[in-house]
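FYI, side chains are in, hydrogens and waters are out, and symmetry mates aren't considered; it's all heavy atoms of this structure.
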Amino acid sequence: MAKRLGEVALEDLYKAGGSTISIEEATHIYQAIAASKASDPDPRRVWKEVVSRRVLKPWHPHHLHQLVYYSVYAIWDVSINGPPLYWFPSLDESKITNLGRIMEIHGPKLLGTSYKDPIESFSLFLKFSVQHPETYWSIVLEELSVVFQKSPSCILDNSNKLKPSGAWLPGAVLNIAECCLLPSTHPTKEDNSCALVWREEVRDDLDVNRMTLKELREQVTVVANAVDATFSKGDAIAIDMPMTVSAVVIYLGIILAGCVAVSIADSFAAKEIATRLRVSNAKAIFTQIQKIQIRS
């Protein structure tokens, strides 16, 4: 259990900072946190104040960030309040998020003069989305560039009283990989848009890799064509690989070909892998040979 903020001593902060902070800097952090706590006891506003005043720096150890964060929220009741808030975007930052952009475009039309901005009007927009699922989810599906091979009869069907949560998108048929890969007029889904970002494992000295939507589509299509030429639609194909860019391409390729992807953790033992292959009735498996270094 984390210490409460008032229980965190200067020595705790100094130790958590390791060799990256001096005792003077630890003292500054200690005093800044104490001042934030004294001005407002609400954990959300205390953490927001700590963030806005840049008390913690990017180069401070993660352990120090964790110590302060969990101490601020030590008495936070997750069951009542939800996860403790970490990031408080500015108004400009909120407007360029996916949700903020949707709210700026549709908020004035849906909420009228009640709409102010993505932060102040968030609760109103959330309430509207719950009360008008047909309108809200039609907007979201368009924003996500979801293309149906067979359109649903409606967004949410509440006619069956045996299903209290209703039936979403009844009758719809789609291939989600196709939706991910198709270009569109959406500003983030053009051919030269960045689709994947990754760095080679244990190679932090190398640059971050990026793949465009067009490059991803081309690689996925190669896998999909190979799967389609060998298997039938609906067949289960397993993947037993680490989460690399190759695994992402293979996963999307299986789905694009109309087959079922069976994900198996690469950490599983041979017996567990065999069990999942048997239960899923997988017709094939994508895997890789693990290089092992033997030291004499």
**Q.** Heavy atoms of other groups near W137 CH2, more than 12 under 6.0 Å
**A.** no
Q. In this structure, are over 12 heavy atoms from other groups packed under 6.0 Å from Y70 atom OH?
A. no
My understanding is that only residues two or more places apart in sequence, or in another chain, count here; which of them pass salt bridge (charged side-chain N to carboxylate O under 4.0 Å, His left out) with [X]?
| X | answer |
| --- | --- |
| E200 | none |
| E178 | none |
| R199 | none |
| D77 | none |

(Q) If hydrophobic clusters are built by linking Ile, Leu, Val, Met, Phe, Trp and Tyr wherever their side-chain heavy atoms come under 4.5 Å apart, do F122 and L110 end up in the same one? (A) yes
Q: Could you list the residues that satisfy side chain to side chain contact (heavy atoms under 4.5 Å, CB included) with L10, not counting sequence neighbours?
A: I23, A26, T27, Y30
Q: Please list, chain by chain and in numerical order, all residues satisfying side chain to side chain contact (heavy atoms under 4.5 Å, CB included) with V146, sequence neighbours excluded.
A: L141, L144, F148, L174, C179
Q. To the nearest 0.5 Å, what is the distance between CG (L56) and CD1 (I21)?
A. 9.0 Å
Q: Could you tell me which non-hydrogen atom of V8 sits nearest to which non-hydrogen atom of K3, and how far apart they are?
A: CG2-CB, 4.1 Å
Q.
One thing to verify: whether D117 and K95 come together as a salt bridge, which I'm taking to mean a side-chain N less than 4.0 angstrom from a carboxylate O.
A. no
Q | Lys/Arg-Asp/Glu bridge criterion (N-O < 4.0 Å) met for E49, R45 | A | no
Using a 3.5 Å cut-off and no angle test, enumerate the donor-acceptor pairs between side-chain atoms of residues 234-255 and protein atoms at least two apart in sequence or in another chain.
residue, atom, partner, partner atom, Å
D235, OD2, S232, N, 2.9
T244, OG1, S246, N, 3.4
T244, OG1, A247, N, 3.3

(Q) Connecting only ILVMFWY residues whose side-chain heavy atoms lie within less than 4.5 Å of each other, what is the rest of L277's hydrophobic cluster? (A) V262, I264, F268, I273, I285
Q: List, by chain and then residue number, the residues other than V208 in its hydrophobic cluster (Ile/Leu/Val/Met/Phe/Trp/Tyr, side-chain heavy atoms under 4.5 Å); write none if there are no others.
A: V197
Q | Those residues that, when tested against Q31, pass side chain to side chain donor-acceptor pair (under 3.5 Å) (two or more places apart) | A | none
Q | Centroid-centroid distance, F128 to H132, less than 6.0 Å | A | yes
Q) Below 4.5 Å, heavy atoms only, C-beta onward: do R101 and I96 meet side chain to side chain? A) no
Q: Quick one: do Y115 and E104 satisfy side-chain hydrogen bond (donor to acceptor under 3.5 Å, both in side chains)? Show the steps, please.
A: CA-CA 9 Å; Y115 181 77; E104 285 290 273; 2.6 Å; yes
What donor-acceptor contacts under 3.5 angstrom involve side-chain atoms of residues 162-173, with partners at least two apart or in another chain?
none

(Q) Give me each pair satisfying salt bridge (Lys or Arg N to Asp or Glu O under 4.0 Å) with a member in residues 214-227, each pair once, sequence neighbours excluded. (A) D191-R217
